[in-house]
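Owing to the predicted nature of the structure, the values given are computational and were not obtained by experimental measurement.
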Amino acid sequence: MSLTDEPRPQPVDETKVEIKPYTAPAGGWGSVRSLIKSFRREHNPVSGSSVLLKQNKPQGFACVSCAWAKPADPHVFEFCENGAKATTWEITPKRVTPAFFAAHPVRELLTWRDHDLEEAGRLTEPMRWDSGTDKYVPVSWDQAFREIGAELRQLKPEEIVFYSSGRASLEASYMYALFARMLGTNNLPDSSNMCHESTSVALPKTIGVPVGTVTLDDFKKTDCIIFFGQNVATSSPRMLHDLQEASRRGVPIITFNPLRERGLERFTNPQSPVEMLTGSSTRISSQYLQVMPGGDIAAICGVCKALIDSGQVDHEFITEHTSGFDALAESLRNISWPQIERESGLRRSELETVAATYAAAKSCIGIYGMGLTQHRNGVENVQMIVNLLLLRGNIGKEGAGICPVRGHSNVQGQRTVGITEKPDLVPNDKLREIYGFEPPMKKGLNTVEACEGILAGTVKAFVSLGGNFVRAIPDHDRMEPAWRRQRLTVQILTKLNRTALVHGEVSYILPCLGRIEIDRQATGKQAVSMEDSTACIHGSWGQVEPASPHLLSEIRIVAELAKATLTNPIVNWDRWASSYALIRDAIERTYPKRFKDFNKRLFQPGGFHRPLAARERKWNTKTGKANFTVPDSLITDPDVDVRGPDVLRLFTLRSNGQFNTTIYSYDDRFRGIHGTRRVILMHRNDIERLGLSEGNIVTAICAASRPGEAPRQVAGLRVVPYELPEGSCAGYYPECNPLLPLWHHAKESKVPAAKSIPVRLIRT
Ligand SMILES: Nc1nc2c(c(=O)[nH]1)N[C@H]1C(S)=C(S)[C@@H](COP(=O)(O)OP(=O)(O)OC[C@H]3O[C@@H](n4cnc5c(=O)[nH]c(N)nc54)[C@H](O)[C@@H]3O)O[C@H]1N2
Ligand SMILES: Nc1nc2c(c(=O)[nH]1)N[C@H]1C(S)=C(S)[C@@H](COP(=O)(O)OP(=O)(O)OC[C@H]3O[C@@H](n4cnc5c(=O)[nH]c(N)nc54)[C@H](O)[C@@H]3O)O[C@H]1N2
Ligand SMILES: [Mo]
């Protein structure tokens, strides 16, 4: 199908658009009102609220929203506005049944918006696309597995991709990765390839572990927090409790973010009756630096330079524990303050203030999110934070450490149990020893490479364990037509989304249980487990009746796919799918240190932490030390040659009314944007300079396209003045993804550079 006749979602009715500055703190009554609205919308007032009491509790279920840590001594309501929205969204009484698909051909559904597709409700039965009627029609589970198995067996293993979004449990993910490897491929890309892969590349090289080193306890003891590019009130709101406690102790919280995010300024705890009644709030950031997007390396260089110049580094730690300090110090001497100021967009005095606050603190935590990882130099960004922390010995001591805030609730855990395209991260010897097969040693495809394979026609089948791949990736207008040329697409989902509609020649939707639902197997009710952002592993029990009697668990679906596809039945997949404790035993055998006494420790209050050498100041790096890194360049996109006064640097954002491609509503409360997502946030001076006015409708065009490439553009964006640096602008993900070229990604990690897209705006 050509680009021009691809059905597109209809724009939302914009008669109710309202844009007004939000001045209240995050949380508070606004958060309660927003929750009540979402309960009403899903018609789920009673069961919703009783289920919420079980959220993030021992013997309860782990929230399906973000990956923030769950305390051992939970609050009465251990959930936030967005966690509660995610719960009501999953346990909605609405259903997408075979009758729904009979009434709506796929071509029609392609005109539905992301929000409307998911809002239609939970999928209830397995479906197969019928080319004659262009509808999804019911298929029995047996037949679906048989046919998918037959299709997969026809293909070479390297032609098949097994994607996972980061929600599936440790048990399901372990089985899924094992299945792919037994078939003969490491093609196991996951959502973290678009997210924290820059972390997974940077941290092992510098501190010898692939994940963050802080625990919740460190938040209680820290003296200083530095926060880069993470929107806590929307993306991990439960962390606001930890920040609020720190702020009350007088701990400085220094924020680097181009946008003034209200949730990073003040917070009223909706679970505190006193704060709610008195309308009081706590400050979050003590210093807010509106860095230019992509300017963090320059900014951190400035802070490091100031520290070194004033002799405020921890020489003892540096000598004993690190390597590469002299090279870093030398390179910082050669970087001038005017260069730093130009690239960061910040003043020398502001960065010197940061250095002074940091130097006065005995311990410091460095927190970061997508604002750092989703850049061409995303890996160097993370390495710069490590530099900053190492200068004062802030790794491997109480109250200190590095804290990448992960996205999906089990994205970190999936990597821990084998979801990776990199064979050197897999315990291949153990797999040989336990299962007696030869694991594939060829590197598999990550997300960007899988897309390249789809464009080139070398990827012929795509199996998704959750997620909404075609909406999450860059370059929608090139990827959607290519996606259709695949032979087979299989989506294991809870809700309908566009990825299932832009199907291959043969296509299946396999509906699964959500984590909040009771999972009954032959040996009784089953628990599953996940790992949070602090490398803490928890169990989770489903609480509500399944959305449909026809749903299977993800584990059962993976088991059946493996049975139908693999010709060599080494594993007794049925036994595993009947008793998940046996899968946990297998995980423990494969990773004996990480998962010691897995079944026994699963439900201890607060979960259990996997061991991390860097927490003990043991450095599993090539040098045996923690490594400083010299940044290659202060410039964000050194190899993307676009200049000109009319080029703006676009960074894509999440709203408070979405979880990734799941759009709960068209309201972004903290940013004061209501009734639309088709906006472009701009500095007032840029609006004027470019001859535009507030409320104009513009088309954004990617300014970095290569010769011969079709123009990348998104039309119908409303100009909204906002507090962000001149020369930058912001818009929502996934609406802006057609502007992001597939090749515009972090150099080593290949995370799409969604926070720095050069664009021009044309008035329409
Ligand atoms: N409610 C909700 N929660 C979520 C999600 C969701 O969509 N909705 N998604 C989940 C997932 S998968 C993830 S990965 C996380 C994402 O959570 P975040 O890491 O918070 O991701 P974003 O919202 O994309 O943007 C992060 C922030 O980076 C800032 N920023 C942009 N560019 C730069 C820059 O160059 N430098 C600096 N310093 N800052 C910059 C933006 O202004 C924004 O405040 O949240 C998870 N939790
Ligand atoms: N421009 C731009 N692009 C981005 C980003 C950005 O900041 N800017 N962020 C990137 C990031 S950080 C990420 S993580 C990706 C997200 O990419 P994905 O993880 O692929 O996308 P999601 O939107 O989280 O997936 C939502 C779908 O998951 C399914 N689902 C929900 N719960 C379950 C479940 O329990 N089991 C199963 N099997 N399915 C379930 C539902 O059917 C739902 O439609 O997007 C990336 N893309
Ligand atoms: Mo993510």
Could you walk me through whether Glu554 and Glu171 satisfy the side-chain contact (heavy atoms from CB on, under 4.5 Å) test, starting with their C-alpha distance in whole Å, then the side-chain angles of each, then the deciding distance to 0.1 Å, before giving a yes or no? CA-CA 9 Å; Glu554 289 172 324; Glu171 293 82 355; over 6 Å; no
Closest non-hydrogen atom pair, Ser198 against Ala746: OG-CB, 4.2 Å
Check whether any side-chain heavy atom of Asn257 sits under 4.5 Å from a side-chain heavy atom of Phe227, and report yes or no. no
Is there a side-chain contact between Ile207 and Val386 (heavy atoms, below 4.5 Å)? yes
Between Ser756 and His744, the two heavy atoms sitting closest are O-NE2, 2.6 Å
Glu90: which of Arg167, Arg515, Lys85 passes salt bridge (charged side-chain N to carboxylate O under 4.0 Å, His left out): Arg167
Quick one: closest heavy-atom pair of Gly606 and His538, and the distance? O-CE1, 3.7 Å
Is Arg406 close to Thr199 at the side-chain level, that is, under 4.5 Å between some pair of heavy atoms? yes
Reported CD-to-NZ distance for the pair Glu398 and Lys362, which is rounded to 0.5 angstrom: 12.0 Å
Using every non-hydrogen atom in the two residues, find where Thr590 and Pro427 come nearest and quote the distance to one decimal. CG2-CG, 3.8 Å
Can you find a side-chain donor-acceptor pair between Glu197 and Asn193 that sits under 3.5 Å? yes
Look up atom CG in Asn656 and atom CG in Asn82, then write down how far apart they are to the nearest 0.5 Å. 4.5 Å
Using modelled atom types and a 3.5 Å cut-off, is there a donor and acceptor pairing between side-chain atoms of Thr222 and backbone atoms of Gly399? yes
Nearest atoms (heavy-atom pairs only) where Leu465 meets Tyr176: N-OH, 3.5 Å
Would you please test Arg415 and Ser192 for side-chain contact (heavy atoms from CB on, under 4.5 Å) and show each step? CA-CA 9 Å; Arg415 183 60 53 84; Ser192 87; 3.2 Å; yes
Where the side chain of Gln55 meets the backbone of Gly60, is there a donor-acceptor pair that is under 3.5 Å apart? no
So for atom NZ, which belongs to Lys750, do other residues, nucleotides or ligands contribute more than 12 heavy atoms lying within a distance under 6.0 Å? yes
What is the distance from atom CG of Asp668 to atom CG of Leu653, rounded to the nearest 0.5 Å? 8.0 Å
So, is the end of the Arg260 side chain (NZ or CZ) under 6.0 Å from the ring centre of Tyr288 and within 45° of the ring's axis? yes
Report the C-alpha distance between Ile225 and Phe219 in whole Å, list the side-chain angles of each, state the deciding distance to 0.1 Å, and finish with yes or no for side-chain contact (heavy atoms from CB on, under 4.5 Å). CA-CA 9 Å; Ile225 293 172; Phe219 274 82; 4.2 Å; yes
Donor-acceptor side-chain pairing of Gln230 and Ser236 below 3.5 angstrom: yes
Distance col, row Ser331:OG vs Lys305:NZ, nearest 0.5 angstrom, shows 9.0 Å
Other residues, nucleotides, ligands: >12 heavy atoms within 6.0 Å of Arg601 CZ: yes
If you count the non-hydrogen atoms of other residues, nucleotides and ligands that lie under 6.0 Å from NZ in Lys220, is the total more than 12? yes
Taken to the nearest 0.5 Å, the spacing of Asn377 CG from Met384 CE works out to 11.0 Å
Phe659 and His408 aromatic centres sub-6.0 Å: yes
Before you tell me yes or no, could you show the steps for Tyr368 and Asn381 under side chain to side chain donor-acceptor pair (under 3.5 Å), namely the whole-Å CA-CA distance, both residues' side-chain angles and the distance that decides it to 0.1 Å? CA-CA 10 Å; Tyr368 65 96; Asn381 269 333; over 6 Å; no
I'd like to know if the side chain of Asn660 pairs up with that of Thr662 as donor and acceptor (distance under 3.5 Å, no hydrogens or angles considered). no
Answer whether the closest heavy-atom distance between the side chains of Arg671 and Glu261 falls below 4.5 Å. yes
Would you say Ile254 and Phe256 make side-chain contact, with heavy atoms under 4.5 Å? yes
Is any side-chain heavy atom of Glu343 closer than 4.5 Å to a side-chain heavy atom of Ile635? yes
Output for pair (Ile365 CD1, Ile385 CD1), nearest 0.5 Å, gives 12.5 Å
Side chain to side chain donor-acceptor pair (under 3.5 Å) for Gln412 and Ser533? Distances and angles first, verdict last. CA-CA 7 Å; Gln412 183 165 319; Ser533 277; 5.0 Å; no
Should we say atom NZ of Lys443 is surrounded by more than 12 heavy atoms from elsewhere, each under 6.0 Å from it? yes
Relative to the ring of Phe603, is the ring of Trp541 parallel (under 30°), tilted (30 to 60°) or perpendicular (over 60°)? parallel
Thr621 side chain to Lys205 backbone, donor-acceptor under 3.5 Å: no
Taking the basic N atoms (NZ, or NE/NH1/NH2) and the acidic carboxylate oxygens, is any pair closer than 4.0 Å for Glu265 and Arg262? yes
Short question: side chain of Asn428, backbone of Pro423 - any donor-acceptor pair under 3.5 Å? yes
Donor-acceptor contact present, side-chain Arg594 to main-chain Ile587, <3.5 Å: no
Does Lys422, at its NZ atom, have more than 12 non-hydrogen atoms belonging to other residues, nucleotides or ligands within less than 6.0 Å? yes
Closest contact, heavy atoms only, Ala613 versus Val209: N-CG1, 3.9 Å
State whether the side chain of Asp190 and the backbone N or O of Ser164 hold a donor-acceptor pair below 3.5 Å, judged by distance alone. no
Verdict with reasoning, Lys70 to Asp532, per side-chain contact (heavy atoms from CB on, under 4.5 Å): CA-CA 8 Å; Lys70 288 105 195 137; Asp532 67 29; 4.0 Å; yes
Is any side-chain heavy atom of Asn627 closer than 4.5 Å to a side-chain heavy atom of Trp619? no
Would you tell me whether Thr282 and Gln244 have side-chain atoms, one donor and one acceptor, within less than 3.5 Å of each other? yes
Ignoring hydrogens and geometry beyond distance, is a side-chain donor-acceptor pair present between Thr416 and Arg610 at under 3.5 Å? yes
Does Cys301 reach the side chain of Pro631, with side-chain heavy atoms less than 4.5 Å apart? yes
